[in-house]
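Working notes, beginning with the structure itself.
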Amino acid sequence: MAVERTLSIIKPDATRRNLTGQINARFEESGLRIVAQKRIQLTKDQAEGFYAVHRERAFFGELCDMMCSGPVIVQVLEGDNAITRNREIMGATNPANADEGTIRRDFAESIEANSVHGSDAPETAAEEISYYFSQLELVG
């Protein structure tokens with residue numbers, strides 16, 4: 001198995017409801033380690049920059065507004081096959097389609113306010129991690 005790093009974001013809907021600890025416990029219980037973490041308030045420009053790949057999609061504005069609506073926890077998870085493992089723990093983007101016991105099934109309020117974000121591929125993970133963290137912030 002390959003040890004990987006992936007970006008994880010606990011979104012404003014989850015931080016507002018004090019779910020950070022419960023969500024992080026699921027990551028840690030599954031064998032992922034949190035190697036970097038910070039609580040930030042995204043600006044509109046930061047959210048638009050991060051989600052630029054979705055700029056042409058109808059939901060782009062609402063997504064950016066939601067991500068700026070309160071603090072988020074940005075963090076780097078590390079472990080064997082961390083990208084795939086994180087996505088399994090999160091569940092499907094639409095909580096109605098997420099498996100029982102996943103974060104989105106248990107905590108999401110809607111398809112937009114779905115509590116968490118995770119990188120979808122190694123290249124995306126590297127890009128997303130560098131958007132929020134410098135090399136000095138990544139503790140191994």
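A pairwise comparison of heavy atoms in Val76 and Leu138 identifies CG2-CD2, 3.6 Å as the closest pair. Between Tyr51 and Cys64, the closest heavy-atom pair is CB-SG, 4.5 Å. Between Ser115 and Asp13, the shortest heavy-atom contact is OG-OD2, 2.9 Å. Minimum interatomic distance between Thr15 and Arg39 (heavy atoms only, all atoms of both residues): CB-NH2, 4.2 Å. Nearest heavy atoms, Gln46 versus Gln41: OE1-O, 3.8 Å. Shortest non-hydrogen contact noted between Ala113 and Ser110 is N-OG, 2.9 Å.
Put simply, the side chain of Ile9 does not reach to within 4.5 Å of the side chain of Ile73, judged on heavy atoms. Thr43 places none of its side-chain heavy atoms less than 4.5 Å from the side chain of Cys68. When side chains are defined from C-beta on, Ser119 does not count as touching Arg87, because their heavy atoms never get closer than 4.5 Å. Using a 4.5 Å heavy-atom threshold, the side chains of Val116 and Lys11 count as separate. Looking at heavy atoms from C-beta onward, Thr102 lies out of side-chain contact with Met90 at the 4.5 angstrom threshold. Annotation: side chain of Glu128 is not in contact with side chain of Thr6 (no heavy-atom distance under 4.5 Å). Side-chain contact between Arg33 and Leu77 is absent, with no heavy-atom pair separated by less than 4.5 Å. Within the 4.5 Å cutoff, the side chain of Glu78 has heavy atoms near those of the Val3 side chain.
Aromatic ring orientation, Tyr132 versus Phe50: tilted (interplanar angle from 30° to 60°).
Here Glu109 pairs with Arg16 in a salt bridge; the nearest charged N to carboxylate O distance falls below 4.0 Å.
Taken from OG in Ser130 to CG in Leu7, the straight-line distance is 9.5 Å, to the nearest 0.5 Å. Atom CE of Met67 sits about 5.5 Å away from atom CG of Leu42, to the nearest 0.5 Å. A distance of 6.0 Å separates CZ of Phe27 from CD1 of Ile89, quoted to the nearest 0.5 Å. If you take CD on Glu4 and CG on Leu32, they are separated by 10.0 Å, rounding to the nearest 0.5 Å. Annotation: the span from Glu112 atom CD to Asn94 atom CG amounts to 9.0 Å, rounded to 0.5 Å.
Side-chain atoms of Asn24 and Gln75 include a donor-acceptor pair closer than 3.5 Å.
When hydrophobic clusters are built by joining Ile, Leu, Val, Met, Phe, Trp and Tyr residues whose side-chain heavy atoms come closer than 4.5 Å, directly or via intermediates, Ile40 is not grouped with Ile10.
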Decide yes or no on salt bridge (Lys or Arg N to Asp or Glu O under 4.0 Å) for Glu88 and Arg85, but give the supporting numbers first.
CA-CA 5 Å; Glu88 290 169 351; Arg85 187 72 195 117; 2.9 Å; yes

Assess the residue pair Glu100 and Arg105 against the criterion (salt bridge (Lys or Arg N to Asp or Glu O under 4.0 Å)); give the C-alpha distance rounded to whole Å, side-chain angles, the decisive distance to 0.1 Å, and a yes or no.
CA-CA 6 Å; Glu100 289 289 330; Arg105 179 64 171 256; 2.8 Å; yes

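The cationic group of Lys38 lies under 6.0 Å from the six-membered ring centre of Phe133 and within 45° of the ring axis, placing it in a cation-pi geometry.
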